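For reference, the structure discussed in these notes is given below.
Computed from heavy atoms alone, side chains included, the values below leave out hydrogens, waters and symmetry copies. For clarity, every value in this text was computed on a predicted model and none was experimentally measured.
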Amino acid sequence: QVQLVESGGGLVQTGGSLRLSCAASGRTLSVYAVGWFRQAPGKERNCVAAISRSGSRTYYADSVKGRFTISRDNAKNTVYLKMNSLKPEDTAVYYCAAVRKSELLFGGTYYSSESRDYDDWGQGTQVTVSS
């Protein structure tokens, strides 16, 4: 099991930027695929971005394509989510999650946009975009 801690959330105006960090401890994050999810009040938790353990494959929800960028620095055991051109509808609690799959079966290219596929979750960080 890997422990995940998100940081970097806050209050920002429409059009602003934030960079979220997902720092891992307990195990090396380099063997995990990582996803960023968000949940607004009264809504489901949805994936906004995901990255394979190798970093070679990424996924973005249509609502954030061209504005958000997921990246990872395995030397720092951290995955990032850079968010640009933020909109009020981006307001939510953002969570990072990790899943480890067999490299023999999946190689380094596995990722998922489904929350049920992830085993370990952080506590979340609030992002609020004011209009």
Side-chain angles (χ1 to χ4, degrees):
Q1 198 173 26
V2 62
Q3 288 76 48
L4 303 172
V5 177
E6 303 94 337
S7 62
L11 174 64
V12 64
Q13 291 184 333
T14 296
S17 298
L18 286 173
R19 189 180 77 160
L20 305 184
S21 298
C22 173
S25 62
R27 294 193 176 184
T28 177
L29 198 56
S30 64
V31 298
Y32 291 83
V34 175
W36 280 100
F37 293 77
R38 69 185 181 189
Q39 188 168 22
K43 295 189 176 180
E44 294 183 349
R45 185 176 299 189
N46 292 315
C47 184
V48 296
I51 189 167
S52 62
R53 59 182 281 176
S54 68
S56 62
R57 294 186 68 198
T58 56
Y59 161 86
Y60 296 97
D62 288 343
S63 59
V64 307
K65 279 182 182 176
R67 299 189 298 122
F68 290 13
T69 303
I70 189 170
S71 62
R72 64 191 306 154
D73 185 340
N74 288 336
K76 294 184 177 180
N77 232 23
T78 301
V79 171
Y80 303 99
L81 184 68
K82 183 65 188 299
M83 307 185 295
N84 295 325
S85 303
L86 284 162
K87 305 174 181 180
E89 51 263 44
D90 295 318
T91 295
V93 177
Y94 283 71
Y95 301 87
C96 66
V99 59
R100 183 176 183 180
K101 294 291 188 182
S102 167
E103 187 172 11
L104 289 177
L105 294 177
F106 295 94
T109 60
Y110 172 87
Y111 69 87
S112 175
S113 61
E114 300 292 334
S115 59
R116 63 176 179 267
D117 292 330
Y118 287 84
D119 300 317
D120 301 304
W121 291 81
Q123 293 301 307
T125 185
Q126 176 70 47
V127 171
T128 303
V129 184
S130 63
S131 58

Using the side-chain hydrogen bond (donor to acceptor under 3.5 Å, both in side chains) criterion, which residues pair with Arg72? Sequence neighbours excluded.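 By the side-chain hydrogen bond (donor to acceptor under 3.5 Å, both in side chains) rule, Arg72 matches Asn74.
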Worksheet item: Quick one: side-chain hydrogen bond (donor to acceptor under 3.5 Å, both in side chains) partners of Glu114, sequence neighbours excluded?
Response: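 Per chain and number, Glu114 pairs via side-chain hydrogen bond (donor to acceptor under 3.5 Å, both in side chains) with Arg116.
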Sequence neighbours excluded - disulfide (SG to SG under 2.5 Å) pairs with any residue from residues 32-84: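 For residues 32-84: none.
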Sub-4.5 Å side-chain heavy-atom contact between Thr14 and Pro88: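 SC-SC contact between Thr14 and Pro88 confirmed.
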[atom1]-[atom2] distance between [X] and [Y], expressed to the nearest 0.5 angstrom:
X	Y	atom1	atom2	answer
Ile70	Met83	CD1	CE	12.0 Å
Arg53	Leu29	CZ	CG	10.5 Å
Glu6	Leu20	CD	CG	8.5 Å

What is the minimum heavy-atom distance between [X] and [Y], and which atoms define it?
X	Y	value
Tyr110	Ser112	OH-CB, 3.5 Å
Leu18	Gly8	CD2-O, 3.8 Å
Tyr118	Gly35	CE2-N, 3.5 Å
Lys43	Gln39	O-NE2, 3.1 Å
Leu4	Cys22	CD2-SG, 3.9 Å
Val2	Ala98	CG1-CB, 4.0 Å

Please tabulate, for side-chain N and O atoms in residues 124-131, each donor-acceptor pair with protein atoms closer than 3.5 Å (sequence neighbours left out).
from   : atom 1 : to     : atom 2 : distance (Å)
Thr125 : OG1    : Gly9   : N      : 3.2
Gln126 : NE2    : Ala92  : O      : 3.4
Gln126 : NE2    : Thr128 : OG1    : 3.3

Please list, chain by chain and in numerical order, all residues satisfying ring pair (Phe, Tyr, Trp, His ring centres under 6.0 Å) with Tyr60, sequence neighbours excluded.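 For Tyr60, no residue satisfies ring pair (Phe, Tyr, Trp, His ring centres under 6.0 Å) once neighbours in sequence are set aside.
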Next on the checklist: Does this structure show an ion pair linking Arg67 with Asp90, if we count only N-O contacts that are shorter than 4.0 Å?
Outcome noted: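 A salt bridge is present here (some side-chain N lies under 4.0 Å from a carboxylate O).
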Shared hydrophobic cluster for [X] and [Y] (ILVMFWY, side-chain gaps under 4.5 Å):
X	Y	value
Val93	Val64	no
Tyr111	Phe37	no
Tyr94	Ile51	yes
Tyr59	Val99	no

(message) Tell me whether the rings of Tyr95 and Trp121 are parallel (<30°), tilted (30 to 60°) or perpendicular (>60°).
(response)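 Perpendicular: the ring planes of Tyr95 and Trp121 meet at over 60°.
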- Query: Would you say the side-chain atoms of Asp73 and Thr78 include a donor-acceptor pair closer than 3.5 Å?
  - Reply: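 Absent: no donor and acceptor within the cut-off.
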### CA sep, side-chain torsions, deciding dist, call: Lys82, Phe68, side chain to side chain contact (heavy atoms under 4.5 Å, CB included)
CA-CA 5 Å; Lys82 183 65 188 299; Phe68 290 13; over 6 Å; no
query: Is the side chain of Ser56 donor-acceptor paired with the backbone N or O of Thr109 at a distance under 3.5 Å, no angle test?
result: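 Not at all, since once roles are kept as given, no pair shorter than 3.5 Å links the two residues.
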Could you name each residue pair satisfying side-chain hydrogen bond (donor to acceptor under 3.5 Å, both in side chains) that touches residues 20-36, not counting sequence neighbours?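 Every pair satisfying side-chain hydrogen bond (donor to acceptor under 3.5 Å, both in side chains) with a residue in residues 20-36: Thr28-Ser30.
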Between Arg38, Lys87, Glu89, which is the residue that forms a side chain to side chain contact (heavy atoms under 4.5 Å, CB included) with Ser63?
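The residue from Arg38, Lys87, Glu89 that satisfies side chain to side chain contact (heavy atoms under 4.5 Å, CB included) with Ser63 turns out to be Arg38.
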